[in-house]
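Before any comments, here is the structure.
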Amino acid sequence: MGEEAQIQNKMKILCLHGFRTSGSFLQKQISKWDPSIFSNFELDFPNGSFPAGGKSDIEGIFPPPYFEWFQFDKEFTEYTNLEECISYLCEYITTKGPFDGLLGFSQGATLSALLLGYQAQGKILKEHPPFKLFISVSGSKFRAPEICDIAYKEPIKVKSVHFIGAKDWLKLPSEDLATAFENPLIIRHPQGHTVPRLDEGAIDQLGSWTAEIFQNNDLEEKADIKPEEVSKIHNKDAGAIDVEAVVA
């Protein structure tokens, strides 16, 4: 009975993998992080909506099958199967959830931020509770104006942390994505386009961040008060926090 209650009290995070990889590969990537960070969370790692339509960067590193969420052109302004992907994820979130937050790497982070922006504007997931947290690793914004005008219309009021690599080819787009969120926590690392290994300082930063969110959620459930009221009580952020993290 005690174990069942503990599982029920955990917050659920939907984790979306990168382009032409898989849920299992993202799970392996996240396993590099200290397990205490997500001790109060249940992580779900689904595969992308479509089989990989070309060569995967992880061939020979991690076994297939590989998947992608949607397809795009070179300028990242035209997208194929994006609406189908959004419908698939909304159905998944509705049937497997509710989820408390999203975590994503690269294409998965970009897509997660889009879902958060769309939900905030009432475009999708109207019956699903608002998400409470977002962890982005090498994410970026969509570039099509018809998407940007809705998804990033206003600062997204979901607590967010953004991992940005010094050698990542998506460094600048990742920084731009962070500006779409209210009071983002930015953790920098010296690596490239990857889920980084975290040093002690970064583990403490992320661990404290997730612990505070879990405590606020626990407070909210026990007191049955609105999330924004809990946020006012615990909000210590005066603005964006930018942390220089050294990665092993």
Side-chain angles (χ1 to χ4, degrees), residues 12-33 35 37-38 41-97 99 101-118 124 131 134-144 147 151 161-165 167-174 177 189 191-198 247:
K12 291 183 68 173
I13 300 178
L14 183 65
C15 306
L16 305 185
H17 63 77
F19 187 59
R20 294 180 181 170
T21 62
S22 66
S24 297
F25 182 65
L26 179 58
Q27 189 171 16
K28 181 184 178 184
Q29 289 178 295
I30 295 300
S31 72
K32 295 187 291 188
W33 292 356
I37 292 171
F38 294 120
F41 298 83
E42 178 185 342
L43 307 184
D44 188 339
F45 296 88
N47 289 320
S49 324
F50 302 94
K55 183 177 175 59
S56 170
D57 288 341
I58 64 170
E59 285 183 22
I61 300 172
F62 192 84
Y66 311 122
F67 303 87
E68 54 199 45
W69 295 105
F70 58 91
Q71 299 79 41
F72 48 89
D73 66 352
K74 190 176 180 181
E75 288 74 33
F76 202 63
T77 55
E78 294 183 10
Y79 319 101
T80 304
N81 293 317
L82 178 59
E83 291 303 320
E84 289 85 349
C85 170
I86 292 171
S87 296
Y88 167 80
L89 281 172
C90 287
E91 177 69 18
Y92 190 95
I93 289 167
T94 301
T95 56
K96 302 285 187 179
F99 288 92
L102 300 173
L103 178 154
F105 171 69
S106 195
Q107 188 183 51
T110 301
L111 183 57
S112 295
L114 177 67
L115 296 178
L116 294 172
Y118 273 2
I124 61 170
F131 292 105
F134 172 46
I135 299 172
S136 172
V137 185
S138 298
S140 63
K141 288 181 179 178
F142 282 85
R143 295 178 183 172
I147 291 177
V161 59
H162 303 258
F163 285 90
I164 300 175
K167 298 177 183 178
D168 190 350
W169 59 277
L170 280 179
K171 177 186 175 184
L172 294 180
S174 293
L177 177 63
H189 63 87
Q191 294 185 17
H193 195 67
T194 185
V195 175
R197 293 183 182 276
L198 307 182
V247 182

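These numbers come from the heavy atoms of this one structure, side chains and all, not from hydrogens, waters or symmetry mates. The chain is numbered in sequence order, starting from 1.
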Worksheet entry | Minimum heavy-atom distance between Val137 and Val195, given as atom pair plus value | CG1-CA, 4.0 Å

Item to complete: Under the side-chain contact (heavy atoms from CB on, under 4.5 Å) rule, collect the residues that match up with Thr80, sequence neighbours excluded.
Response: Gln71

Worksheet, complete the sentence: For Phe134 and Ser112 the tightest heavy-atom approach is CE1-CB, 3.5 Å

Worksheet entry | Distance (rounded to the nearest 0.5 Å) between Ile135 CD1 and Cys15 SG | 7.5 Å

Worksheet item: Do Gln107 side-chain atoms and Phe70 backbone N/O form a donor-acceptor pair below 3.5 Å?
Response: yes

Worksheet item: Just checking, any donor-acceptor pair under 3.5 angstrom between side chains of Thr110 and Ser140?
Response: yes

Worksheet item: Which pair of non-hydrogen atoms, one from Asp168 and one from Ser138, has the smallest distance, and what is that distance?
Response: OD2-OG, 2.6 Å

Worksheet entry | From CG (Leu14) to CZ (Phe99), nearest 0.5 Å | 4.5 Å

Practice prompt. Give the C-alpha distance, both sets of side-chain angles, the deciding distance and a yes or no for side chain to side chain contact (heavy atoms under 4.5 Å, CB included) between Thr21 and Asp57.
Written response: CA-CA 8 Å; Thr21 62; Asp57 288 341; over 6 Å; no

Practice prompt. Enter the distance from Leu115:CG to Ile124:CD1 here, rounded to the nearest 0.5 Å.
Written response: 4.5 Å

Practice prompt. Begin with the C-alpha distance, continue with both residues' side-chain angles, and end with the deciding distance and a verdict on side chain to side chain contact (heavy atoms under 4.5 Å, CB included) for Phe62 and Ser56.
Written response: CA-CA 10 Å; Phe62 192 84; Ser56 170; over 6 Å; no

Item to complete: Could you list the residues that satisfy ring pair (Phe, Tyr, Trp, His ring centres under 6.0 Å) with Phe76, not counting sequence neighbours?
Response: Phe72, Tyr79, Phe142

Worksheet, complete the sentence: Between Leu103 and Leu26 the two heavy atoms that sit nearest each other are CD2-CD2, 4.2 Å

Worksheet item: Hey, what do you get for NE2 (His17) to CZ (Phe25), rounding to the nearest 0.5 Å?
Response: 11.0 Å

Worksheet item: Take atom NZ in Lys96; do more than 12 heavy atoms of anything else shown fall under 6.0 Å from it?
Response: no

Item to complete: Specify the closest pair of heavy atoms between Gly60 and Tyr66, including all atoms of both residues, with the distance to one decimal.
Response: N-OH, 4.4 Å

Worksheet item: If you look at every heavy atom in Trp33 and Pro196, which pair is closest and at what distance?
Response: NE1-O, 2.7 Å

Donor-acceptor contacts under 3.5 Å from residues 47-54 side chains, at least two apart:
unit_1 : atom_1 : unit_2 : atom_2 : d
Asn47  : OD1    : Gly23  : N      : 2.9

Worksheet item: CZ/Phe45 to NZ/Lys28 distance, rounded to the nearest 0.5 angstrom?
Response: 13.5 Å

Side chains of residues 85-93: which donor-acceptor partners sit under 3.5 Å, not counting sequence neighbours?
unit_1 : atom_1 : unit_2 : atom_2 : d
Ser87  : OG     : Glu83  : O      : 3.1
Tyr92  : OH     : Asp44  : OD1    : 2.9
Tyr92  : OH     : Asp44  : OD2    : 3.0

Worksheet item: Any salt bridge (charged side-chain N to carboxylate O under 4.0 Å, His left out) pairs touching residues 65-82, not counting sequence neighbours?
Response: Arg20-Glu68

Discussion item. If the condition is ring pair (Phe, Tyr, Trp, His ring centres under 6.0 Å), which residues does Phe105 pass it with, not counting sequence neighbours?
Written reply: His193

Item to complete: Give, for atom OG of Ser174 and atom CD1 of Ile164, the distance between the pair rounded to the nearest 0.5 Å.
Response: 5.5 Å

